[in-house]
Amino acid sequence: MDLAALKMGLLEEARSQGFQLAGIASATRAETEGAYREWLAAGHAGEMHYLGRDPDRRSDPVLAWPQTGSILVVGVNYRTWDPDPDEAADPLRGKVARYALGDDYHDVLSDRLRSLLAWAREKYREALPDLDGRCYVDTGPLLERDLAARAGLGWFGKNTMLINREQGSYFFLGALLLNIELPPDGPTTAHCGTCSRCLTACPTGAFVSPYVLDARRCIAYLTIELKGPIPRELRPMVGNWVFGCDLCQEVCPWNRKSMRGDDERFQPHDHLKVPELIPLLSITQEEFRSRFRGSPVKRAKRRGLLRNVCIALGNSGDPSAIPALAAALTHEEPLVRGHAAWALGRLGGVEAHVALRAAHPSESDPWVREELELAGVDVAAP
């Protein structure tokens, strides 16, 4: 079997199935393994403990699947829409990271990779009857960006994102481990130069240095991965991001030049386009389950999303949010009540103070009581 011809056929079919980027990486250990271990040791993963499980396996695709001979790495552009500037400037609307506006990429890319593997098995069943593979889309022990860089899909930007000349950094990655050794593609050269816009754009100072992100200060981590309270000192910097953050990508010159995607599965759902915050604060569990079925937003869970909405409303500076936040002081989730208290304290005013004082006597959760007091409740007052 002419493996070079097989590779070309596989890459062409990958593109025909909706992968704008495709390349082959060798089945060798990750070149970024050392940096990854240092990152873990520094505690930069925060509560994402799964990232530290078995780093050997994560760094070596052969340990992930012993039959691995080479890896097909693919990318899909998800920048299908840009917000209306007037709506985006409305302080009572929230922001959702572009990657989460459409269908869940795990499902979409996994289906396409399985379809691609089935095509290859059928296409080459006579020449390679034992052809097999394993699909990974951010769900298994692989350093996908390392593989993608080695496959020539892009270079590491200073914001740790993979950047491609044509697609920018708004693209998902997937990997198909194959039990054949295809000719690998070489890495591309880096083109960030002296630019540091991504580093200075981060309001929380999450970049320890170029190419090193402390996830514990990243707005995407705070609004998605962190399950408990968001640190008080970081809340004002979250702004109106209610799920994820794109700030370090929005300022990247390569994204300003990048192509727009047209994938139907990643067209934004209407309710996620700069959503109105006040109505979102009263969403029920059943409404949350129905509205975000098949969406990445479900990862935050309802209590996490409403926590983020409270922070965004507190940062809005708009007193019209006070009644909704006052109602949230009786929410069944302490996480929501505590952040609603913070938001009311941040907005200030007589109405907010009255609501905070009224909630304090009946609040049984110690952390929420502390938030009420820090928000301005004078417990010594009669």
Side-chain angles (χ1 to χ4, degrees), residues 1-15 17 19-40 50-76 105-106 109-125 127-156 160-164 171-190 211:
M1 180 68 196
D2 184 344
L3 293 181
L6 187 155
K7 170 186 171 179
M8 293 305 298
L10 195 59
L11 295 181
E12 288 176 8
E13 181 62 21
R15 295 186 182 98
Q17 293 203 21
F19 298 113
Q20 289 84 26
L21 300 173
I24 301 294
S26 60
T28 53
R29 293 187 74 93
E31 295 180 0
T32 57
E33 179 182 4
Y36 181 64
R37 289 178 181 272
E38 290 177 8
W39 184 79
L40 290 171
Y50 60 90
L51 291 175
R53 296 191 198 116
D54 202 351
D56 269 340
R57 188 179 178 203
R58 192 173 288 273
S59 302
D60 189 345
V62 174
L63 294 178
W65 188 46
Q67 299 178 53
T68 305
S70 58
I71 303 103
L72 168 65
V73 191
V74 294
V76 178
Y105 68 95
H106 299 91
L109 270 67
S110 293
D111 288 346
R112 291 181 185 175
L113 283 173
R114 283 192 289 266
S115 174
L116 183 60
L117 178 59
W119 172 89
R121 283 171 171 160
E122 176 62 24
K123 175 76 173 178
Y124 304 109
R125 69 181 186 278
L128 295 167
D130 297 324
L131 177 62
D132 200 6
R134 293 292 184 272
C135 303
Y136 287 87
V137 183
D138 197 23
T139 52
L142 285 180
L143 296 179
E144 290 97 340
R145 280 178 298 164
D146 182 279
L147 292 171
R150 286 195 278 137
L153 271 61
W155 70 89
F156 281 100
T160 76
M161 304 297 292
L162 203 70
I163 303 175
N164 178 275
F171 58 91
F172 298 120
L173 292 175
L176 177 58
L177 276 56
L178 296 164
N179 64 343
I180 51 175
E181 191 171 339
L182 297 175
D185 292 294
T188 186
T189 54
Y211 312 105

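Below, each value reflects all heavy atoms present in this structure, side chains not excepted, and no hydrogens, waters or symmetry copies.
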Rounded to the nearest 0.5 Å, what separation is found between the CG atom of Leu11 and the CG atom of Leu6?
9.5 Å
Looking only at non-hydrogen atoms, find the nearest pair between Leu143 and Ala30 and report the distance.
CD1-CB, 3.7 Å
Looking at Gly69 and Ala27, what are the two nearest heavy atoms and their distance?
O-CB, 3.6 Å
Take atom CD of Gln67 as the centre, draw a 6.0 Å sphere, and report whether it contains more than 12 heavy atoms from other residues, nucleotides or ligands.
yes
What pairs with Arg150 under salt bridge (charged side-chain N to carboxylate O under 4.0 Å, His left out), at least two apart in sequence or on another chain?
Asp146
Ser70 side chain to Ile180 backbone, donor-acceptor under 3.5 Å
yes
Evaluate the side-chain proximity of Leu131 to Asn179: yes if any heavy-atom separation is below 4.5 Å, no if none is.
yes
Considering non-hydrogen atoms only, spot the tightest contact between Phe156 and Thr32 and give its length.
CE1-CG2, 4.2 Å
Return the set of residues passing salt bridge (charged side-chain N to carboxylate O under 4.0 Å, His left out) with Arg145 (not counting sequence neighbours), or none when no residue passes.
none
What's the spacing between Ser26 OG and Ile71 CD1 if we round to 0.5 Å?
6.5 Å
Which of these, Leu116, Val74, Val76, sits in a side chain to side chain contact (heavy atoms under 4.5 Å, CB included) with Gln17?
Leu116
Taking the side chain as every heavy atom from C-beta outward, state whether Asp54 and Leu63 have any atom pair closer than 4.5 Å.
no
Atom pair CG/CZ of Leu109 and Arg114 - distance to nearest 0.5 Å:
10.5 Å
Side chain proximity check, Asp185 to Lys7, heavy atoms < 4.5 angstrom
yes
From Trp119 atom CH2 to Leu10 atom CG, the distance as rounded to the nearest 0.5 Å:
6.0 Å
Single hit among Leu142, Leu113, Leu173, Leu176 for side chain to side chain contact (heavy atoms under 4.5 Å, CB included) with Val137:
Leu113
How long is the straight-line distance from CZ of Arg112 back to SG of Cys135, given to the nearest 0.5 Å?
13.5 Å
Could you check whether any side-chain heavy atom of Pro183 comes within less than 4.5 Å of a side-chain heavy atom of Ile24, counting everything from C-beta outward?
no
All side-chain contact (heavy atoms from CB on, under 4.5 Å) counterparts of Ala151, not counting sequence neighbours:
Ala25, Val73, Leu153
Please list, chain by chain and in numerical order, all residues satisfying salt bridge (charged side-chain N to carboxylate O under 4.0 Å, His left out) with Arg29, sequence neighbours excluded.
Glu33, Asp56, Asp60
Ion pair present between Glu12 and Arg15, side-chain N to carboxylate O less than 4.0 angstrom?
no
Could you report the tightest heavy-atom contact between Pro141 and Ala64, atom names first, then the distance?
O-CB, 4.1 Å
Take Leu162 and Glu144, measure what side-chain contact (heavy atoms from CB on, under 4.5 Å) needs, and give me the verdict at the end.
CA-CA 10 Å; Leu162 203 70; Glu144 290 97 340; over 6 Å; no
Can you see which heavy atom on Val62 is nearest to which on Thr68, and at what distance?
CG2-O, 4.0 Å
Heavy-atom nearest pair, Pro55 first then Tyr36, reads CB-CE2, 4.4 Å
side-chain contact (heavy atoms from CB on, under 4.5 Å) partners for Asp130, two or more places apart
none
Could you list all the side chain to side chain donor-acceptor pair (under 3.5 Å) pairs where at least one residue sits in residues 131-142, not counting sequence neighbours?
Tyr105-Asp138, Arg121-Asp132, Asp132-Arg134
